[in-house]
Protein chains: 2
Amino acid sequence: MPPPFPVEAFPARTPAASQIFTTVLSHGPLTRADVARRAGLSAAAVTKAVRPLIEAGYLVEDAVEDAGTETRPALGRPANLVRVDAGRALFIGVKITGDEIFGVLTDLCCRIRVARNFPLTARAPGAVLASVAELAGELLTEADGFGVPVLGCGIAVSGEVDRAEGAVRYSPFLDWRDVPLAELAAMTTGLPVTVDNDVRALTVAEQWFGAGAGLSDFAVVTVGAGIGCGLVVHGRVVSGVHGVAGEIGHVVVDPAGPPCHCGRRGCLQAFAGDAEIVARVREATGTPVTDSAGALALAHAGHPGAREVYARAGEAIGRGIATVANLLGPERVIISGEGLAAYDLFAGQIRDAFTAAAFGSAARCELLTRPLSFDEWARGAAATAIGSFVRADR
Amino acid sequence: MPPPFPVEAFPARTPAASQIFTTVLSHGPLTRADVARRAGLSAAAVTKAVRPLIEAGYLVEDAVEDAGTETRPALGRPANLVRVDAGRALFIGVKITGDEIFGVLTDLCCRIRVARNFPLTARAPGAVLASVAELAGELLTEADGFGVPVLGCGIAVSGEVDRAEGAVRYSPFLDWRDVPLAELAAMTTGLPVTVDNDVRALTVAEQWFGAGAGLSDFAVVTVGAGIGCGLVVHGRVVSGVHGVAGEIGHVVVDPAGPPCHCGRRGCLQAFAGDAEIVARVREATGTPVTDSAGALALAHAGHPGAREVYARAGEAIGRGIATVANLLGPERVIISGEGLAAYDLFAGQIRDAFTAAAFGSAARCELLTRPLSFDEWARGAAATAIGSFVRADR
DNA sequence: TCTCTTATTTTCCTCTGTCAATGAAAGAAG
DNA sequence: CTTCTTTCATTGACAGAGGAAAATAAGAGA
């Protein structure tokens with residue numbers, strides 16, 4: 001969405017410059033020669049593209065200090081490392097849930113500097129927007145202390161989101177339909193705003209700054225209140241033609257399984273969603289647990305019924321991941337989300353079910369876990385803002 | 001794979017030229033202005049790129065004859081249509097199955113001109129290669145009659161195929177592992193050879209010449225001996241990092257379902273594979289049917305048990321398609337394959353199951369059926385060869 | 001100091017695709 | 001019948017992106 005007033009622009013007009021910057025951003029300090037190799041460009045092109053980025057302060061050249069002698073080859077001229085100046089700019093990321101909003105202030109390398117969260121009392125777009133504006137305002141005040149500009153704001157919402165248009169098409173949790181959130185938020189915050197689906201935002205963060213860096217094909221599976229999945233295919237996040245993609249939560253794992261709130265039976269969600277696990281533990285143990293912590297405690301205490309519930313959840317998750325792997329053949333699947341608190345309880349089942357259901361070479365896909373605090377969702381939103389900033393016009 | 005001797009090269013060095021040619025190839029005769037709009041280029045670029053292609057005979061300019069007055073706007077200079085000269089070159093496509101090989105000779109627009117098939121008696125690479133050489137030889141002889149050169153050969157094999165390397169990594173039906181088929185076949189046929197997975201080849205054919213033309217995201221689901229799926233995401237066919245993708249056949253639809261030859265239970269394949277349907281019809285009706293035709297006849301005769309088998313197959317297919325739609329959000333799913341002979345028996349179930357299991361806007365994905373003769377598999381292989389020829393070095 | 005090796009920069013140079021101007025070929029208006 | 005208007009197509013000048021090769025830089029070792 002166009003910002004309401006002129007904002008500093010990223011000085012990378014050519015595709016090569018964007019590519020070079022993102023290479024440095026994702027792969028830490030690199031020599032120019034390395035950048036050239038990774039990006040498939042000539043050394044000359046790198047030199048030319050890097051100069052304006054250094055002049056603008058987005059990149060810095062480290063002195064030849066051999067920070068890690070072991071990596072430097074003995075021969076030849078010592079290389080100069082180029083890296084992103086993380087402190088050059090700040091970004092705001094906001095994750096909106098049905099009853100709370102989380103905000104973070106990050107640097108250019110998407111490291112969290114400040115985190116804030118508010119309860120959300122009303123869900124009407126206007127009310128939420130006011131909360132977002134207040135949160136952003138607080139973060140902007142914090143940002144003043146850093147003496148560098150805030151260059152963008154990302155907002156993550158679950159549901160169907162049209163990132164290009166900056167509109168929330170449908171959000172069940174907020175009960176929104178076709179809300180032009182980017183435009184509205186840009187108006188109230190005075191920043192360029194990027195709106196994206198929450199799981200996709202997290203996927204972008206992994207792609208640029210996490211375990212997906214440098215991979216052309218990977219998936220992120222989030223386990224928590226819902227089961228989500230973000231996909232990167234051919235190096236690009238999959239959004240789906242209609243804004244829906246990665247809906248793994250309602251893939252039917254077992255038609256005879258427990259009923260799901262979506263009306264069907266045996267959805268992955270019904271096996272492994274937070275609330276569903278709690279309900280299932282309650283049934284299985286007869287103990288009136290009311291939240292994940294309670295269910296978790298019961299299972300950790302060794303209650304066989306509770307453990308069984310987690311085991312079945314793990315099995316369902318593993319099978320869901322295998323489905324993704326069979327369909328897309330990703331290089332890696334990153335398992336993440338708040339639900340990982342219970343990881344020890346279903347890690348084995350996830351792996352076993354995955355291995356059993358993965359077909360042929362799809363089984364060579366690597367499974368990786370990455371615990372996730374709730375702030376990281378907001379960080380994902382910030383990552384989308386950084387992405388928008390860096391490649392403003394394509 | 002590099003051809004063993006110099007072959008005519010496609011005169012399109014720049015990305016724009018390739019793009020322009022493929023636009024004309026996929027979208028029939030177009031005016032230059034239309035091409036420019038579709039390809040997002042300037043009219044000048046189109047004029048310049050088209051000239052050498054016309055000179056080389058790959059494109060022709062139709063006279064201003066208003067073949068379809070209704071489409072022509074009343075105002076302005078009449079446009080000249082540019083189209084591909086289908087007869088400018090020929091290509092060979094070969095599909096290898098476990099017991100037969102199918103070959104076609106197609107023109108540049110991938111229309112079948114000649115079709116041939118051989119039984120396959122031995123499956124060792126050497127023996128198969130000899131058959132392929134013989135088949136290609138016959139087709140080359142036929143090609144002589146057309147007076148235009150054969151510019152490439154595509155070979156489609158089921159299993160894991162590394163198209164870039166031209167190698168068959170693993171083919172269960174042929175019991176091959178790491179066979180450098182492209183290189184070998186190039187040697188024996190004297191043509192540039194492209195090797196790809198059979199379902200992906202079919203998907204390429206749809207993408208360039210069929211119902212997927214112009215779509216950036218779609219899927220092809222084939223129903224036949226096996227259940228396959230080819231995916232196009234972001235305008236590119238998905239191959240998977242390890243050469244496996246679209247393995248929908250062994251997605252578990254119902255853990256309590258019938259056993260599958262892969263060792264699990266309730267795979268989509270176990271519900272809807274040809275042989276599995278026949279077996280299930282036999283069980284359900286007690287009639288010793290031995291092939292699809294028999295099973296089909298029984299169902300068409302109204303035998304309730306047989307109909308039920310087809311209905312369950314349709315349900316499983318619909319659920320599999322919904323899984324694809326939920327994960328990738330394609331614009332269209334093309335249902336194809338020999339199994340469509342039974343389409344009337346499970347069309348309703350496919351649609352119902354799809355609608356029930358598709359999540360939110362994913363349900364807006366269009367389902368399209370396209371009956372498929374067996375020669376079309378070979379045509380798919382030819383399409384990959386045309387693709388390789390047209391964008392030889394990107 | 002000289003040589004060897006690799007990194008980086010500089011200096012052309014090619015080459016692609018755009019821009020703006022111009023020519024063409026209709027039908028419409030007068 | 002002439003002149004306008006509109007859209008298609010072509011041309012030539014041009015910007016500017018990225019490559020190749022040569023020049024320069026900076027250490028290690030002889």
**Student:** Is the phosphate of D:dC8 approached by B:R37 (side-chain N or O, under 4.0 Å from OP1 or OP2)?
**Tutor:**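 Affirmative; the distance criterion is met.
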**Student:** What contact category does A:A33 fall into here, base, sugar-phosphate, or nothing, at under 4.0 angstrom with non-hydrogen atoms?
**Tutor:**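 Sugar-phosphate contact only - A:A33 comes under 4.0 Å of backbone atoms but never of a base.
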**Student:** If we ignore angles and hydrogens, is there a donor and acceptor under 3.5 Å between the side chains of A:R236 and A:S216?
**Tutor:**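 No donor-acceptor contact under 3.5 Å links the two side chains.
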**Student:** Under a 3.5 Å cutoff, is there a donor and acceptor pairing between the side chains of A:S388 and A:R163?
**Tutor:**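 Yes.
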**Student:** In whole angstrom, what separates A:R77's CZ from C:dT3's P?
**Tutor:**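 Roughly 20 Å, once rounded to whole Å.
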**Student:** Does the pair A:E206 and A:R370 meet the rule for a salt bridge (Lys or Arg N to Asp or Glu O under 4.0 Å), with working shown?
**Tutor:** CA-CA 10 Å; A:E206 288 300 319; A:R370 233 174 102 74; 2.6 Å; yes
**Student:** State which of C:dT6, C:dG17, D:dT11 makes the closest approach to the side chain of A:L75.
**Tutor:**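 Comparing C:dT6, C:dG17, D:dT11 against the side chain of A:L75, the answer is C:dT6.
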**Student:** Among C:dT8, C:dA26, D:dG27, which nucleotide sits nearest the side chain of B:P78?
**Tutor:**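 Looking only at heavy atoms from C-beta outward on B:P78, the closest nucleotide is C:dA26.
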**Student:** The side chain of A:T47 is closest to which nucleotide in this list: C:dT10, C:dA7, D:dG19?
**Tutor:**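 Out of C:dT10, C:dA7, D:dG19, the nucleotide with an atom closest to A:T47's side chain is C:dT10.
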**Student:** Can you check the B:D34 CG to D:dT7 P distance for me, whole Å?
**Tutor:**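 Roughly 13 Å, once rounded to whole Å.
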**Student:** Starting the side chain at C-beta, find the nucleotide from C:dT16, D:dG18, D:dA26 nearest to B:T14.
**Tutor:**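 Nearest to the side-chain atoms of B:T14, counting from C-beta on, is C:dT16.
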**Student:** Give A:A16 one of three labels, base, sugar-phosphate or nothing, depending on what nucleic acid heavy atoms sit under 4.0 Å from its own.
**Tutor:**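 Sugar-phosphate contact only.
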**Student:** Could you give the CD1-to-P distance, from A:I54 to C:dT9, as a whole number of Å?
**Tutor:**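 A:I54 atom CD1 is separated from C:dT9 atom P by 8 Å.
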**Student:** Starting at atom CG of A:L81, determine the distance to atom C1' of C:dA7, rounded to an integer number of angstrom.
**Tutor:**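 Nearest whole value for this atom pair: 12 Å.
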**Student:** Nearest 0.5 Å, please: how far is CG in B:L81 from CZ in B:R32?
**Tutor:**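 Going from the CZ atom of B:R32 to the CG atom of B:L81 covers 10.0 Å.
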**Student:** Is there a side-chain polar atom (N or O) of B:T31 under 4.0 Å from OP1 or OP2 of D:dC8?
**Tutor:**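 The answer is no; no side-chain N or O of B:T31 sits under 4.0 Å from OP1 or OP2.
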**Student:** Whole-Å distance between C:dT16 C1' and B:I20 CD1?
**Tutor:**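 Value for this atom pair: 11 Å.
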**Student:** Would you state whether a donor and an acceptor, one from the side chain of A:K48 and one from the base of C:dT10, lie under 3.5 Å apart?
**Tutor:**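 Checked by distance alone, the answer is no.
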**Student:** Round to the nearest Å and state the distance from B:R51 atom CZ to D:dC8 atom P.
**Tutor:**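 Spelled out: CZ on B:R51 to P on D:dC8 is 19 Å.
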**Student:** Starting at CG of B:L41 and ending at P of C:dC19, how long is that distance when rounded to a whole Å?
**Tutor:**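 B:L41 atom CG is separated from C:dC19 atom P by 11 Å.
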**Student:** Taking only side-chain N and O atoms of A:R32, does any of them lie within less than 4.0 angstrom of OP1 or OP2 on C:dT6?
**Tutor:**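 No, A:R32 has no side-chain N/O under 4.0 Å of OP1/OP2 on C:dT6.
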**Student:** Got a donor-acceptor contact below 3.5 angstrom from the B:H234 side chain to the A:H234 backbone?
**Tutor:**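 The answer is no, because no donor-acceptor pair under 3.5 Å joins these two groups.
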